[in-house]
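Here's the structure, in structure tokens; my notes come after.
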Amino acid sequence: MIPIDSLIGSGRKQISFAEVPVDKATEYAAEDADFTLRLYEALAPKVREAGLEPLLLEVEQPLVPVLMDMERTGVLLDVEVLAKQSKVLEKRLVEIEHDIETLAGYKFNINSTQQLQKVLFEDLKLPTKGKTAKGTGFATGQSVLEELADLHDLPRLVLEYRELAKLKGTYIDALPTQVDVAGRVHTSYHQTVAATGRLSSQDPNLQNIPVRTEVGRQIRKAFVASPGCVLLAADYSQIELRILAHIADDETLKEAFANDEDVHRRTASEVYSVALKDVTSEMRAVAKTANFAIIYGVSAFGLSQQTDLSVAEAREFIDTYFKRYPRVKEYMDGSIRKAREEGFVSTLLGRRRFLPEIHSDNRQRREFAERIAINTPIQGTAADLIKVAMIRIHAAMAPLKSRMILQVHDELVFDVVTSEKENVAELVTREMEGAMQLSVPLKVDLGSGPNWLEAK
DNA sequence: ACTATCACG
DNA sequence: ACGTACGTGATAGTA
């Protein structure tokens, strides 16, 4: 949990002994008085030369006790809710297994991609859609099965089986085994894992609790408030696009946020050259996907895969997008140029990510580095921003009994004593929206309820 | 230990 | 012609 090496960004191996939990480092320091000193002397000049002292001293280090409190507090889990869901899913999984067996003509392990390939591509003679990443076989992932579902019922059943088996195995049955005697689960947050400066969460990961499917969402009902409390969830609205608007200094994008517009609708209106009121839901959906694509570093192929657009149509969409948002294009080119010239890209608070592959002769590697050069300043600035908010919120909440319990990249969740609810809602909104002064307003959406599902 | 898959932002 | 969106972590199967 000592966050120093993420600030250096190179020489990780030499200083990897810095990656020990805080309590272990304390233990080592007690046994070996030289430990902390050697660590400090090796790293301090590097941090200072890189201009990273403010980020270290004002963000990463103050965040440590905040995360400690969140980890120690944990979140109350209603294991009864999960036990009921487990039984329902078990029953449905057995039904699906039976139906799949009937269609295949024999029993097989649906979890085995090898056995599934044999059924799909040898027995049923369905068309293959490409190899897996490592080329060890034919892909059977979600997008492949969705295409095959038009040709046969079995792929659709496998998709349903996969969804339910994932939810049951990773969350519904796993989480109850990880509660403490008080019925609470405690994650570990890591400050030095994600290359962009985001936190990561493990054992258990509480940053990937399902929400996208209806069955998955129900799992959030098991994350409940403590007695006498409610859960309050606060999430940044469109944080990465707002940061893009600020960094790129694009007038159209800034205006959309200044007016609190529906930014995807505005993008569709700009690119398709129609009035806001004439934007169809299809146009808005494409624009929404395109806005994500922009943040990740666009490719026409990638956009075409995620939409109904052909590669040519996707290319035209992107061209038009850059005509309407020229500063966004300039930002992207500038970020890639910076990576080439300086060897790294930076977030608003100066956090660095080194990109040696930006000079690679291998086009695939080089273009990957270019997309990282585009994405990291955006994703990393969002990480900077919420960390600042967390530190200020933690300080402001010190006199209160309510607790910050979860961080999910652009969202904070609080276990709030009922009588403190108005107070906490006000201070959370104020500190999140005021964490940084950008050229666009920051907006936070709040919700509360007896569990995480109803708080969103 | 590695691979494929899929959960989240 | 080529391979293709950014960042993570957990699970099950397989070698």
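Residue numbers start from 1 in every chain, and the chains themselves are labelled A, B, ... in the order their sequence lines are given, proteins ahead of strands.
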Worksheet item: Picking from C/dG9, C/dG7, C/dG13, which would you name as closest to the side chain of A/Asn208?
Response: C/dG9

Taking the [atom1] atom in each of [N] and [M], what is the distance between them to the nearest angstrom?
{"N": "B/dC2", "M": "C/dA5", "atom1": "C1'", "result": "25 Å"}
{"N": "B/dC6", "M": "C/dG3", "atom1": "P", "result": "22 Å"}
{"N": "B/dT5", "M": "C/dC2", "atom1": "C1'", "result": "25 Å"}

At 4.0 Å (heavy atoms only), tell me whether [X] reaches a base, stays on the sugar-phosphate, or touches nothing.
{"X": "A/Arg353", "answer": "sugar-phosphate"}
{"X": "A/Thr289", "answer": "base"}
{"X": "A/Gln114", "answer": "sugar-phosphate"}
{"X": "A/Val298", "answer": "nothing"}
{"X": "A/Lys166", "answer": "base"}
{"X": "A/Gln142", "answer": "sugar-phosphate"}
{"X": "A/Ala300", "answer": "nothing"}
{"X": "A/Ala383", "answer": "nothing"}
{"X": "A/Asn205", "answer": "sugar-phosphate"}
{"X": "A/Asp235", "answer": "nothing"}
{"X": "A/Thr376", "answer": "nothing"}

Think [X] has a side-chain N or O under 4.0 angstrom from the OP1 or OP2 of [N]?
{"X": "A/Asn111", "N": "C/dG13", "answer": "yes"}
{"X": "A/Ser112", "N": "C/dT14", "answer": "yes"}
{"X": "A/Arg198", "N": "C/dG7", "answer": "no"}
{"X": "A/Arg162", "N": "C/dA12", "answer": "no"}

Practice prompt. Would you mind pulling out the nucleotide paired to C/dT8, Watson-Crick or G-U wobble, both distances under 3.5 Å?
Written response: B/dA7

Fill in: Residue matched to C/dG13 through Watson-Crick or wobble contacts both under 3.5 angstrom
B/dC2

Worksheet entry | Contact interval (first through last nucleotide) of DNA chain B with protein chain A, 4.0 Å heavy-atom | B/dT3 to B/dG9

Practice prompt. Taking the side chain as every heavy atom from C-beta outward, state whether A/Phe301 and A/Gln305 have any atom pair closer than 4.5 Å.
Written response: yes

Worksheet entry | Side-chain heavy-atom pair A/Ile386, A/Glu411 within 4.5 angstrom cut-off | no

Fill in: Inter- and intrachain pairs under side-chain hydrogen bond (donor to acceptor under 3.5 Å, both in side chains), touching residues 385-394 of chain A, at least two apart
A/Glu60-A/Lys387, A/Asp69-A/His394

Practice prompt. Could you verify whether a donor N or O on one side chain and an acceptor N or O on the other, from A/Arg162 and A/Thr140, lie under 3.5 Å apart?
Written response: yes

Item to complete: Specify the closest pair of heavy atoms between A/His409 and A/Leu199, including all atoms of both residues, with the distance to one decimal.
Response: CE1-O, 3.5 Å

Worksheet item: What are the two closest non-hydrogen atoms of A/Asp262 and A/Arg284, and how far apart are they?
Response: OD2-NE, 2.9 Å

Practice prompt. Establish, yes or no, whether the cationic atom of A/Lys118 lies under 6.0 Å from the six-membered ring centre of A/Phe108 and within 45° of the ring axis.
Written response: no

Discussion item. Tell me whether the NZ or CZ atom of A/Arg353 lies within the 45° cone about the ring axis of A/Phe344 and under 6.0 Å from its centre.
Written reply: no

